Visitor: 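Encoded as structure tokens, here's the structure I'll be asking about.
Quantities reported herein were computed from a predicted structural model and do not represent experimental measurements. Hydrogens, waters and symmetry mates are skipped; everything else that's a heavy atom, side chains included, is used.
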Amino acid sequence: MKGFWALLLVGMALAPSWSAAQIVGDANGDGLFDDQDVSFVATLMRHGSQRPYPMADVAAPCNGIPDPADGLWLQGAQILLRQGRGPVSRCLGETVGSPLPPPPEPVPWVTLDDLFLAVADQVPEFGGLYIEGDQLHLVLTDPSATVLHHAILAVEEVFGSDRFEGLEPVATQGDFGFNELQQWKEAATPLLTSRQVVTLDANERSNRITLGIEDPGQEAQILAHADDLGIPRRAIQMRPGQLTIPHADQLIPNLQSKQRPLVGSLGIGLTDAGTSLCTLGFLAKWYGIARGFVTNAHCLAPIGQEQFVD
């Protein structure tokens, strides 16, 4: 009898991980839901196992760990399946014995620059757009009526026909297409690492690469560096900028979870009542400085400072 239990426990230890088995109700990882899965869960219960087997977690609480409620539910599912009735797992949302569908593809992150590039792919003369009053300014290297017409059609296709409804489209003379600006912006990324440049933008209004710099005395050095990167000087616009790094991180003491690695949505910032003011956003790397999370500026005090949670 002791040999039987030893063999049974070895079988439990060697069961494939749940990630390899995506059949709802499949506890032992053999790619099926059958009587052996019911027995497997019963054995887990007898030995008080707390190992996660999410495919066998079909009854509340849905915590990925099989419990007595899951064993009873799977046993009932076996009876119903013999009668041709497929019960649906309360936790996994699919019929027991069926494959768990793959997770949906993540929605691609689309920025305004991506949309501008999509327009520029159709109309190379397009350098961006901006709204001023009741006019929609389309920056074009060739502001002729023909190019403006093509640009309007491309903008409607990319942004939607009603996105700028009620605005009068007008052509504004530009010197560079947005494809060029984006290429130069990417080429200028090493300037951020140098700490001489604190902000970088492909500016559609000025039709230039805008560099935010802290020290005006470094302009000549920055321009020389830009020359080495292949960025035309006439495509560069410089503006005062400031990199603010506070001495004390006000987020760390208020982080409401010790989870590592950090993930988005963890509570940060507490009110006097102990409720969360904000949550962590997505992971970001600041070139040459640190890794952190992007979150709402109103989470920070004073508003707008850059703060890091290691």
Visitor: Atom CD of residue position E165 - does it have more than 12 heavy atoms of other residues, nucleotides or ligands inside 6.0 Å?
Guide: no
Visitor: Under the side-chain contact (heavy atoms from CB on, under 4.5 Å) rule, what do Y53 and I65 come out as? Steps first, then yes or no, please.
Guide: CA-CA 6 Å; Y53 291 90; I65 299 175; over 6 Å; no
Visitor: If I take atom CG from residue D70 and atom CG from residue N63, how far apart are they, to the nearest 0.5 angstrom?
Guide: 8.0 Å
Visitor: Rounded to the nearest 0.5 Å, what's the gap from OG on S98 to CZ on F33? Could you check?
Guide: 11.0 Å
Visitor: So, for P190 and A187, which heavy atoms are closest and what is the spacing to 0.1 Å?
Guide: CD-O, 3.1 Å
Visitor: With rounding to the nearest 0.5 angstrom, report the CH2 to SG distance, W73 to C91.
Guide: 9.0 Å
Visitor: Under 4.5 Å between side-chain heavy atoms, counting indirect links through other Ile/Leu/Val/Met/Phe/Trp/Tyr residues: same cluster for I131 and L115 or not?
Guide: yes
Visitor: Quick one, E204 with V139, criterion side-chain contact (heavy atoms from CB on, under 4.5 Å). Give me CA distance, side-chain angles, the key distance, then yes/no.
Guide: CA-CA 7 Å; E204 61 275 7; V139 181; 5.5 Å; no
Visitor: Quick check: closest heavy atoms across A27 and D37, and the distance to 0.1 Å?
Guide: N-OD1, 2.9 Å
Visitor: For R205 and E132, run salt bridge (charged side-chain N to carboxylate O under 4.0 Å, His left out): C-alpha distance rounded to whole Å, both residues' side-chain angles, the deciding distance at 0.1 Å, then the answer.
Guide: CA-CA 10 Å; R205 183 180 287 265; E132 196 171 72; 3.0 Å; yes
Visitor: Can you find a heavy atom in the side chain of I236 that is under 4.5 Å from one in the side chain of R208?
Guide: no
Visitor: If Ile, Leu, Val, Met, Phe, Trp and Tyr residues are connected whenever their side-chain heavy atoms lie under 4.5 Å apart, and connections chain through other members, are W184 and L117 in the same group?
Guide: yes
Visitor: May I ask you to decide if the ring planes of H137 and Y130 are parallel, tilted or perpendicular, using 30° and 60° as cut-offs?
Guide: parallel
Visitor: Just so I know, are the side chains of Q218 and I213 near enough to count as touching, which here means a heavy-atom distance under 4.5 Å?
Guide: no
Visitor: Would you give the length of the straight line joining atom CG of D57 to atom CG of D67, rounded to the nearest 0.5 angstrom?
Guide: 6.5 Å
Visitor: Closest heavy-atom contact between I23 and P99?
Guide: CD1-CA, 3.9 Å
Visitor: Using the rule that two of Ile, Leu, Val, Met, Phe, Trp, Tyr join whenever any of their side-chain heavy atoms come within less than 4.5 Å, decide whether F159 and L153 are in one cluster.
Guide: no
Visitor: Taking side chain as C-beta onward, heavy atoms only, is V158 less than 4.5 Å from Q122?
Guide: yes
Visitor: Closest heavy-atom contact between P87 and A77?
Guide: CG-CB, 3.6 Å
Visitor: Is there side-chain contact between V41 and Q75, with heavy atoms separated by less than 4.5 Å?
Guide: no
Visitor: Just so I know, are the side chains of R90 and V58 near enough to count as touching, which here means a heavy-atom distance under 4.5 Å?
Guide: no
Visitor: For P169 and L138, work out which heavy atoms get closest and say how close.
Guide: CB-CD1, 4.2 Å
Visitor: Should M55 and V88 be regarded as members of a common hydrophobic cluster, given that ILVMFWY residues are connected when their side-chain heavy atoms come within less than 4.5 Å of each other, either directly or indirectly?
Guide: no
Visitor: As a quick check of understanding, evaluate side-chain contact (heavy atoms from CB on, under 4.5 Å) for F176 and Q183, giving each step before the final call.
Guide: CA-CA 11 Å; F176 309 105; Q183 290 172 5; over 6 Å; no
Visitor: Which residues pass the ring-ring contact (aromatic ring centres under 6.0 Å, His included) test with H225, sequence neighbours left out?
Guide: none
Visitor: Quick one: does I209's side chain get under 4.5 Å of N203's, heavy atoms only?
Guide: no
Visitor: Starting from the C-alpha separation in whole Å, work towards a yes-or-no answer on ring pair (Phe, Tyr, Trp, His ring centres under 6.0 Å) for F126 and F178.
Guide: CA-CA 6 Å; F126 178 76; F178 201 81; 7.2 Å; no
Visitor: State, to 0.1 Å, how close Q173 and T141 come at their nearest heavy-atom pair, and which atoms those are.
Guide: NE2-O, 3.2 Å
Visitor: In Å and rounded to the nearest 0.5 Å, what is the CD to CG distance from E168 to L136?
Guide: 9.5 Å
Visitor: Got Q78 and D35 here, is their nearest side-chain heavy-atom distance under 4.5 Å?
Guide: yes
Visitor: Less than 3.5 Å apart, any donor N or O on the side chain of Q237 or T210 sitting next to an acceptor on the other?
Guide: yes
Visitor: To the nearest 0.5 Å, how far apart are CG in L191 and OG1 in T199?
Guide: 11.0 Å
Visitor: Is there a path of hydrophobic side-chain contacts, each under 4.5 Å between heavy atoms of I, L, V, M, F, W or Y residues, that connects L167 with I152?
Guide: yes
Visitor: Mind running side-chain contact (heavy atoms from CB on, under 4.5 Å) on L148 and D142 for me, showing each step along the way?
Guide: CA-CA 8 Å; L148 174 61; D142 176 5; over 6 Å; no
Visitor: I'd like to check D201 versus L211 (side-chain heavy atoms, cut-off strictly below 4.5 Å). Are they in contact?
Guide: no
